[in-house]
Structure formats: C-alpha cells, structure tokens
Amino acid sequence: MKISEAKFAGSSTRVQNKPKRHLPEVAFIGRSNVGKSSLINMLCRNGRLAMTSATPGKTKVVNHFIINDSWYLVDLPGYGYAKMGQKGRTELAAVVSDYIFNSEELQLLFVLIDSRHDIGATDLDFLAELGENRIPFAIIFTKCDKKGPNALAAQIERIKEQILQEWEELPPMLVSSSESGAGREEILEYIAQILETQQ
Ligand code: GTP
Ligand code: MG
C-alpha cells in the first residue's frame with residue numbers, strides 16, 4: 001500500500017468523541033516508550049505527525065490520523081509506565097480500554113513489543129485481555145536496529161516461547177525499526193490485506 005496523504009484528524013479520551021467518519025481503524029498499542037508514535041511517523045514518512053519523546057508517557061490521548069482519506073491510523077497512550085503513579089496509570093488505562101473495547105471501526109490492533117527484552121507480565125496480561133475480548137491483533141517487534149541479526153532472531157524466539165506458555169498459537173508477527181525503516185513495506189502490506197478483507 002502507498003501512503004499518499006496522512007493528516008491529523010483529532011484527539012479524544014472517550015470513544016464517543018473520536019472523529020465521526022465511519023472509516024476502518026488500525027491502532028497501535030504497547031508499553032510506554034516502545035516506539036508507537038515513532039513507528040506511525042516512519043510508516044507515514046512524516047517525522048512530525050505523531051509526537052514522540054525519550055520520556056515515557058508522552059502520548060496521553062487517542063490520536064486519529066486519516067490516511068489517503070480512506071482509513072484511520074490510531075496512536076494510543078502506552079501502558080505500564082511505572083513513574084506515572086497509580087492514578088495516572090488508571091486514567092490512561094481507562095482511555096485505552098474505552099477505545100479498544102468500544103470502537104466499532106477498529107479492524108486491527110498492532111501490539112508493539114521491544115525486540116531487545118523479554119516479554120513482561122504487563123504485556124502478557126494485556127494480550128490475555130485482548131484474547132478474552134476477541135480483539136484481533138498482530139505483534140510488531142520494535143527497535144530491531146538495536147541488535148545484530150543473530151541476537152535479534154534469538155530474542156524473538158525467546159519471546160515466542162514466552163507467548164506460547166500462555167497461548168496455543170502465535171499471532172501474526174512483524175519486525176520494525178523506525179530508525180532504519182525496516183519492516184515498513186511488510187506492515188503496510190499487512191494493513192492493506194486486513195482492510196481489503198473487511199470491505
Ligand atoms: P509513549 O507515547 O510515551 O507511550 O511512547 P511511544 O511508544 O509512542 O514511543 P516513542 O515513539 O515516543 O519512542 C520512544 C523513544 O524510543 C524515543 O526516544 C524514540 O526515538 C525511540 N525509538 C522509537 N522507535 C525506535 C526504533 O525503531 N529504533 C531506535 N533505535 N529507537 C527508537
Ligand atoms: Mg507515543
């Protein structure tokens with residue numbers, strides 16, 4: 001798929017306030033600082049579309065971006081940021097759950113996992129919640145530029161084994177780097193397939 005136009009379409013903290021057009025939505029979620037906003041910018045080839053930051057907890061609202069005037073790409077706040085305090089975390093979790101469980105247009109959720117680390121309990125709990133609520137998702141391993149190819153492959157294998165301790169089968173999986181642009185074509189192709197089958 002070619003992205004010829006990507007525009008900010010609105011921010012919301014409640015699903016009833018999201019942009020009104022009934023277009024398919026593809027959203028990005030994952031631990032705070034995993035690289036959600038950077039990946040959106042990389043996919044859209046626009047470094048300033050979604051706000052990124054080295055400090056976790058940057059994205060605090062649901063941001064819709066309209067792509068090719070035909071579907072929405074959605075940047076979500078991260079989960080699991082320890083320094084935010086319980087109240088802040090609970091508020092952000094409510095914003096995220098309200099969107100994920102109530103947006104009728106959501107076709108696919110990409111769950112981003114840092115390719116450098118083992119998967120954490122926070123991620124596994126989040127995946128379990130998606131499974132229980134039958135939310136379709138795929139995993140993207142981010143920041144793949146930070147490891148050499150062998151170490152990266154080994155770490156991804158470890159994470160797969162960790163997921164298989166709780167799941168009978170693995171979800172679709174992709175690998176990306178917002179630094180190098182790796183994974184861009186594969187992710188856009190995967191989105192195109194999903195949007196086609198939903199029509
Ligand atoms: P929150 O909005 O706080 O939940 O974070 P986020 O998941 O949107 O992360 P963001 O895109 O803001 O990136 C967090 C940090 O990781 C920034 O310093 C980015 O420059 C860095 N980063 C993101 N993606 C990559 C990547 O693919 N490679 C490298 N090396 N750094 C990355
Ligand atoms: Mg962000």
Side-chain angles (χ1 to χ4, degrees), residues 3 6-13 18 25-65 67 72-100 106 108-123 125-127 129-130 137-149 151-153 155-156 159 173-188 190-191:
I3 293 190
K7 284 194 297 196
F8 176 69
S11 298
S12 58
T13 53
K18 72 175 186 166
E25 299 177 348
V26 174
F28 292 75
I29 185 72
R31 280 180 76 89
S32 192
N33 218 38
V34 69
K36 300 174 290 294
S37 304
S38 303
L39 179 59
I40 287 172
N41 290 343
M42 185 273 266
L43 293 175
C44 297
R45 293 220 165 106
N46 178 345
R48 291 182 308 165
L49 194 63
M51 302 268 251
T52 65
S53 165
T55 315
K58 176 70 181 174
T59 308
K60 292 194 166 63
V61 292
V62 176
N63 288 310
H64 279 65
F65 301 95
I67 310 298
Y72 288 117
L73 198 155
V74 182
D75 190 15
L76 294 169
Y79 53 76
Y81 176 44
K83 287 208 182 123
M84 191 172 277
Q86 189 58 42
K87 187 163 177 278
R89 275 210 306 274
T90 311
E91 275 170 22
L92 273 196
V95 170
V96 169
S97 316
D98 183 49
Y99 171 76
I100 292 177
L106 180 62
L108 173 71
L109 186 62
F110 281 117
V111 181
L112 276 53
I113 307 270
D114 194 319
S115 66
R116 294 171 297 176
H117 309 303
D118 286 353
I119 192 166
T122 319
D123 289 314
D125 290 352
F126 186 78
L127 294 184
E129 215 181 323
L130 295 181
F137 69 92
I139 288 180
I140 299 179
F141 295 109
T142 62
K143 309 195 186 185
C144 75
D145 55 284
K146 295 260 195 176
K147 271 189 189 287
L152 176 70
Q155 185 57 40
I156 289 178
I159 300 176
M173 293 177 158
L174 297 150
V175 180
S176 78
S177 164
S178 303
E179 288 285 311
S180 72
R184 185 175 183 274
E185 293 308 316
E186 291 83 354
I187 295 169
L188 290 178
Y190 187 75
I191 295 174

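Index from 1, following the sequence. First listed ligand is number 1; within each ligand, the first listed atom is number 1.
- Here the shortest heavy-atom pairing between S53 and T55 reads OG-N, 2.9 Å.
- Between the side chain of R184 and the backbone N or O of L43, at least one donor-acceptor pair lies under 3.5 Å.
- Residues passing the salt bridge (Lys or Arg N to Asp or Glu O under 4.0 Å) test with R116, sequence neighbours excluded: D114.
- Excluding water, every protein N/O/S atom under 2.8 Å from the Mg ion (ligand 2) is given here by residue and atom: S37 OG, T59 OG1.
- Taking only nitrogen or oxygen atoms, main chain and side chain alike, V34 reaches within less than 3.5 Å of ligand 1.
- Near G78, the atoms of ligand 1 lying under 4.0 angstrom from a non-hydrogen atom of the residue are 4 (O).
- Residues I100 and L76 form a side-chain contact, since some pair of their non-hydrogen atoms from C-beta on lies under 4.5 Å apart.
- Looking at atom 27 (O) of ligand 1, its nearest protein heavy atom turns out to be S178 N, 2.7 Å.
- The closest approach between a heavy atom of P56 and any atom of ligand 1 is below 4.0 Å.
- At a heavy-atom cutoff of 4.0 Å, ligand 1 is contacted by no atom of M42, backbone or side chain.
- Rounded to the nearest 0.5 angstrom, N63 CG and K18 NZ are separated by 14.0 Å.
- The shortest contact between atom 16 (O) of ligand 1 and any protein heavy atom is with K143 NZ, 3.0 Å.
- Under a cut-off of 6.0 angstrom, the local environment of CE in M173 is crowded, with over 12 non-hydrogen atoms contributed by other residues, nucleotides or ligands.
- Considering both main-chain and side-chain atoms, T59 comes within under 3.5 Å of ligand 1 through a nitrogen or oxygen pair.
- For atom 4 (O) of ligand 1, the closest non-hydrogen atom of the protein is K36 NZ, 2.9 Å.
- A distance of 11.0 Å separates CD1 of I40 from OG1 of T52, quoted to the nearest 0.5 Å.
- Nearest non-hydrogen protein atom to atom 18 (O) of ligand 1 is A54 CA, 3.4 Å.
- Closest to atom 19 (C) of ligand 1, if we only count protein heavy atoms, is S38 OG, 3.7 Å.
- Distances from atom 8 (O) of ligand 1 to the heavy atoms of S180, S37, S53 put S37 nearest.
- For K143, the salt bridge (Lys or Arg N to Asp or Glu O under 4.0 Å) criterion is met by no residue, not counting sequence neighbours.
- Applying side-chain contact (heavy atoms from CB on, under 4.5 Å) to F141 and the options L174, L112, I113 leaves one that passes, I113.
- Protein heavy atom nearest atom 9 (O) of ligand 1, with residue, atom name and distance: G35 N, 3.2 Å.
- Shortest non-hydrogen contact noted between P77 and V95 is CG-CG1, 4.3 Å.
- Counting the atoms of ligand 1 from 1 in the order shown, those under 4.0 Å from a heavy atom of K146 are 29 (C), 30 (N).
- Taking 4.0 Å as the cut-off, D145 counts as a neighbour of ligand 1 on heavy-atom distance.
- Shown are F65, F110, Y72, Y99; of these, the ring pair (Phe, Tyr, Trp, His ring centres under 6.0 Å) with F28 is made only by F110.
- Applying the side chain to side chain contact (heavy atoms under 4.5 Å, CB included) criterion to A151, with sequence neighbours excluded, gives K147.
- The closest protein non-hydrogen atom to atom 14 (C) of ligand 1 is N33 OD1, 3.0 Å.
- The protein non-hydrogen atom at the shortest distance from atom 29 (C) of ligand 1 is E179 CG, 3.3 Å.
- Heavy-atom minimum distance, K36 versus G78: NZ-CA, 3.4 Å.
- When each atom of ligand 1 is checked for a heavy atom of S177 under 4.0 Å away, the hits are 27 (O).
- The closest donor-acceptor contact from the side chain of S115 to the backbone of T142 lies under 3.5 Å.
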